[in-house]
> 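Handing you a structure now.
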Amino acid sequence: MESLKKVMRIGVSGQMHGVMFWKTNQGCHWINSGNLRVFEPRDTSYLITWEDGRCTMDFLASLPQPQSHLSLATGFGCATIFWYLRNRPDFLDSYDAAGTIQDYVVAMLCGLQRPQMSVHNAASWGYFNTRSKKWNIDILRGSGFPVFLLPDVVNAGCIAGKASYEWCGIRQGTEVGVALGDFQCSVYSSSTESTDAVLNISTSAQLTFSMPEGFQPEDSPDPAEPVAYFPYFSDHYLAVAASLNGGNVLASFITMLSDWIAELGLDIPVSTLYTRVITAGLSQHETHLTIHPTLFGERHIPDMLASVSNITAAGLSLGHVTRALCQGIVQNLHSMLPSSRLQQSGVKRLIGSGSALSRNEVLRQEVEKIFPFSIVYGKDTDSALGAAMAMVKQW
């Protein structure tokens, strides 16, 4: 508690793309919880995350073309709002503010009348031009989009306001930074050199490196290009291969095994199952079994499905399957951003981060097989650390 009283600035980061809605001045209420002052949500929607799949390819094709270098995809905030506009307009009538969940937290902490959003999160919503740092207002308004829901956009690293109350032991009046993207913060806390690339495997998976100063992406995207350019700090960009398939694929595999075991009338805790699966994978150093693990498709190939090939009677053990699955996750990311392109861009070291990577030695072994770089592993709390570091530097 004494340490929290010394906090000078609060940095906030969270998963990008998602959206939640609330009523201005009614989004939360402050309560005492034990000896702490906290807020609880009130008059808010549930969170619609980046994993939401309601926007089909046909629906996305029916939307106006964004003036942005980033392609639009299901799970992006503006696409989700368009879906509600066309399918459940009455839902939107209940709210007058929207943002990512981390924007909501900052707005509640500071008592903001209008939410503020960093360029990180704005770009992740779609219909945002990173050069002008403005929403595509005319395009959106022309399609009846409720533009009043769009937050005010500021540079990453700016101060959004001050804590309107004491919060969890942090004093009232403490400065709060505008919410940042979890991915950018993870990179910021991990990478120390311009020649570093960062490989993150958590729920999904990303491989990225920093573009040189002055780089500007093309005005319009190539929908089939697996590498996108995310805004970073100080008008820099990150080249990013952002796969939808990472730790979530492993989690689906564990769920499948758990369901099979339950159907057989047995009971093994999921935590035990995870440990045994990884142990089995470590016992099988090589496999000819091939798994393409794209259970959730990819943004540049949305209709891609997962598949298994090279199946033999000798390759059906748990160890073979686990090894092939981990190998497939890493190879899929490598196919999106190959080592050759990293080397051409001057990358000399790979920083590994993310909860799935830090907890799974089989994944780490596959990373070391596929990428010809010196590899250093970070922690699975890099995003929170990066947000704090960004607030210390304050761009």
> Have S13 and D182 got a donor and an acceptor in their side chains that come within less than 3.5 Å?
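Judged by distance alone, the side chains do not pair up.
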> Find out whether Q26 and R42 are in side-chain contact, i.e. whether some heavy atom of one side chain is under 4.5 Å from a heavy atom of the other.
yes
> Consider side chain to side chain contact (heavy atoms under 4.5 Å, CB included). Of I159, V106, I170, which one does V176 pass it with?
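Only one of I159, V106, I170 forms a side chain to side chain contact (heavy atoms under 4.5 Å, CB included) with V176, namely V106.
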> Do S339 and H334 meet the criterion of a side-chain donor-acceptor pair at a distance under 3.5 Å?
yes
> Could you walk me through whether R349 and T192 satisfy the side chain to side chain donor-acceptor pair (under 3.5 Å) test, starting with their C-alpha distance in whole Å, then the side-chain angles of each, then the deciding distance to 0.1 Å, before giving a yes or no?
CA-CA 10 Å; R349 184 175 68 163; T192 58; 2.9 Å; yes
> Test salt bridge (charged side-chain N to carboxylate O under 4.0 Å, His left out) on K162 and E175; report intermediate values, then the result.
CA-CA 4 Å; K162 296 182 178 181; E175 291 182 332; 5.3 Å; no
> Between D267 and I261, is a side chain to side chain contact (heavy atoms under 4.5 Å, CB included) present by the stated rule, with each step listed?
CA-CA 7 Å; D267 181 24; I261 290 167; over 6 Å; no
> Got a salt bridge between K133 and D235, using NZ or NE/NH1/NH2 to carboxylate O under 4.0 Å?
yes
> Tell me whether L357 is reachable from I291 by hopping between hydrophobic residues (I, L, V, M, F, W, Y) whose side-chain heavy atoms are closer than 4.5 Å.
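Linked, I291 and L357 end up in one cluster.
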> Is it the case that the side chains of D152 and Q116 hold a donor-acceptor pair, with the cut-off being a distance below 3.5 Å and no angle test?
no
> Ignoring hydrogens, what is the shortest heavy-atom contact between A97 and L149? Give both atom names and the distance.
N-CD2, 3.6 Å
> Is the ring pair Y165/W30 parallel, tilted or perpendicular, if the boundaries are 30 and 60 degrees?
tilted
> Is the shortest side-chain heavy-atom distance between F253 and V321 below 4.5 Å?
yes
> Under a plain distance cut-off of 3.5 Å, with no hydrogens placed, do D52 and T49 share a side-chain donor-acceptor pair?
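No, D52 and T49 have no side-chain donor paired with an acceptor closer than 3.5 Å.
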> Minimum heavy-atom separation for A251 and Y274, please, with both atom names.
N-OH, 3.8 Å
> Between R37 and E166, does at least one N-O distance fall below 4.0 Å, as a salt bridge requires?
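Judged by the 4.0 Å cut-off on N to carboxylate O distance, R37 and E166 do not form a salt bridge.
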> Ignoring hydrogens, what is the shortest heavy-atom contact between R131 and P217? Give both atom names and the distance.
NH2-O, 2.8 Å
> Taking atom types as modelled, find out whether Q67 and D138 have a side-chain donor-acceptor pair closer than 3.5 angstrom.
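There is no such pair (donor and acceptor under 3.5 Å, judged by atom type) between the side chains of Q67 and D138.
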> With heavy-atom distances below 4.5 Å as the criterion, would you say the side chains of R171 and T174 are in contact?
yes
> Using only heavy-atom distances, determine whether the side chains of E298 and N245 contain a donor-acceptor pair under 3.5 Å.
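Looking only at side-chain atoms, N245 and E298 do form a donor-acceptor pair, the distance falling under 3.5 Å.
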> Is it true that atom NE2 of H29 has more than 12 heavy atoms of other residues, nucleotides or ligands lying nearer than 6.0 Å?
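Yes.
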> Is D196 paired with K348 through a side-chain N to carboxylate O contact shorter than 4.0 Å?
no
> After noting the C-alpha distance and the side-chain angles of T24 and R114, does the key distance pass the side chain to side chain donor-acceptor pair (under 3.5 Å) rule?
CA-CA 7 Å; T24 302; R114 281 186 55 80; over 6 Å; no
> Kindly check if the number of other-residue, nucleotide or ligand heavy atoms within 6.0 Å of CE (M8) is above 12?
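Atom CE in M8 is not crowded, with 12 or fewer foreign heavy atoms closer than 6.0 Å.
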> Is it the case that the side chains of S243 and R299 hold a donor-acceptor pair, with the cut-off being a distance below 3.5 Å and no angle test?
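Their side chains do not contain a donor-acceptor pair, so the 3.5 Å distance test is not met.
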> Using a strict threshold of under 4.0 Å (side-chain N to carboxylate O), is an ion pair present between R341 and E225?
yes
> Quick one: do M304 and L295 end up in the same hydrophobic cluster if we chain Ile, Leu, Val, Met, Phe, Trp and Tyr together by side-chain heavy atoms under 4.5 Å apart?
no
> Tell me if a side-chain donor or acceptor on N200 pairs with a main-chain N or O of Q206 at a distance below 3.5 Å.
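No; judged by distance alone, with no hydrogens or angles, the pair does not exist.
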> Check whether any side-chain heavy atom of L316 sits under 4.5 Å from a side-chain heavy atom of I311, and report yes or no.
yes
> Quick check against the 3.5 Å criterion: does T44 have a side-chain atom that pairs as donor or acceptor with the backbone of P41?
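Between the backbone of P41 and the side chain of T44 there is no qualifying donor-acceptor contact (under 3.5 Å).
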> So, S234 side chain and H236 main chain: donor-acceptor pair closer than 3.5 Å or not?
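Checked: no pair found.
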> Step by step, work out the ring-ring contact (aromatic ring centres under 6.0 Å, His included) result for Y237 and H69.
CA-CA 12 Å; Y237 286 85; H69 75 279; 5.7 Å; yes
> Is the shortest heavy-atom distance from the side chain of S62 to the side chain of R86 under 4.5 Å?
yes
> Using ring centroids (six-membered ring only for Trp), state whether F82 and F59 fall under 6.0 Å.
no
> After noting the C-alpha distance and the side-chain angles of W50 and T74, does the key distance pass the side chain to side chain contact (heavy atoms under 4.5 Å, CB included) rule?
CA-CA 7 Å; W50 63 271; T74 187; over 6 Å; no
> Does the pair T100 and D103 meet the rule for a side chain to side chain donor-acceptor pair (under 3.5 Å), with working shown?
CA-CA 5 Å; T100 65; D103 298 320; 2.7 Å; yes
> For C158, does its backbone N or O pair with a side-chain atom of N155 as donor and acceptor, under 3.5 Å?
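Between the backbone of C158 and the side chain of N155 there is no qualifying donor-acceptor contact (under 3.5 Å).
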> Check for me, please, whether Y104 and M117 land in the same ILVMFWY cluster - side-chain distances under 4.5 Å, paths through other members count.
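Each belongs to a different hydrophobic cluster.
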> For the residue pair Y84 and R54, what are the closest heavy atoms and their distance?
OH-NH1, 3.1 Å
> Is it true that T287 and H320 share a donor-acceptor pair across their side chains at a distance under 3.5 Å?
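T287 and H320 do have a side-chain donor-acceptor pair below 3.5 Å.
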> Determine, using ring centers only, whether H17 and F183 are less than 6.0 Å apart.
no
> Below 30° counts as parallel, above 60° as perpendicular, anything between as tilted: where do the rings of Y46 and F91 land?
tilted
> Considering all heavy atoms of both residues, which atom of A356 and which atom of L363 are nearest to each other, and what is their separation?
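In this case the closest contact between A356 and L363 is O-CD1, 3.8 Å.
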> Does any donor atom in the side chain of T322 or Q284 lie under 3.5 Å from an acceptor atom in the other side chain?
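Checked: T322/Q284 side chains show no N/O donor-acceptor pair below 3.5 Å.
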> Please examine the side chains of W125 and L150, heavy atoms only from C-beta on, and report whether any two atoms are closer than 4.5 Å.
yes
> Tell me yes or no: between the side chains of S191 and E193, is some donor less than 3.5 Å from an acceptor?
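S191 vs E193: no donor-acceptor pair found between side chains.
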> Looking at I254, is its backbone amide N or carbonyl O close enough to the side chain of S258 to form a donor-acceptor pair, meaning the two atoms are under 3.5 Å apart?
no
> Examine the side chains of T203 and N248 and answer whether a donor and an acceptor come within less than 3.5 Å of each other.
no
> Count I, L, V, M, F, W, Y as connected when their side-chain heavy atoms are under 4.5 Å apart, and connections chain through other members. Are L112 and V19 then in the same cluster?
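No; tracing contacts between hydrophobic side chains, which count when under 4.5 Å, never links both residues.
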> Side-chain contact test, heavy atoms from C-beta onward, threshold under 4.5 Å: evaluate it for I139 versus F145 and give yes or no.
no
> Check the pair I81 / F21 against side chain to side chain contact (heavy atoms under 4.5 Å, CB included), numbers first and verdict last.
CA-CA 10 Å; I81 294 173; F21 305 87; 3.8 Å; yes
> How far apart are the C-alpha atoms of F233 and L180, what are their side-chain angles, what is the distance that settles it, and do they pass the side chain to side chain contact (heavy atoms under 4.5 Å, CB included) test?
CA-CA 10 Å; F233 293 100; L180 306 172; 4.1 Å; yes
> Same cluster or not: are Y127 and I48 linked, directly or through other Ile, Leu, Val, Met, Phe, Trp or Tyr residues, by side-chain heavy atoms under 4.5 angstrom apart?
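Shared cluster, yes.
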> Does NZ in K134 sit with more than 12 non-hydrogen atoms of other residues, nucleotides or ligands closer than 6.0 Å?
no
> Do you know the tightest heavy-atom contact between M16 and N121?
CG-OD1, 3.4 Å
> Report yes if some heavy atom in the side chain of N360 is under 4.5 Å from a heavy atom in the side chain of L250; otherwise report no.
yes
> Let me confirm one number: the OG-CG distance from S271 to L273, rounded to the nearest 0.5 Å.
9.0 Å
> Consider only side-chain N and O atoms of N310 and T290, and report whether a donor and an acceptor are under 3.5 Å apart.
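Distance-only check passes for N310 and T290.
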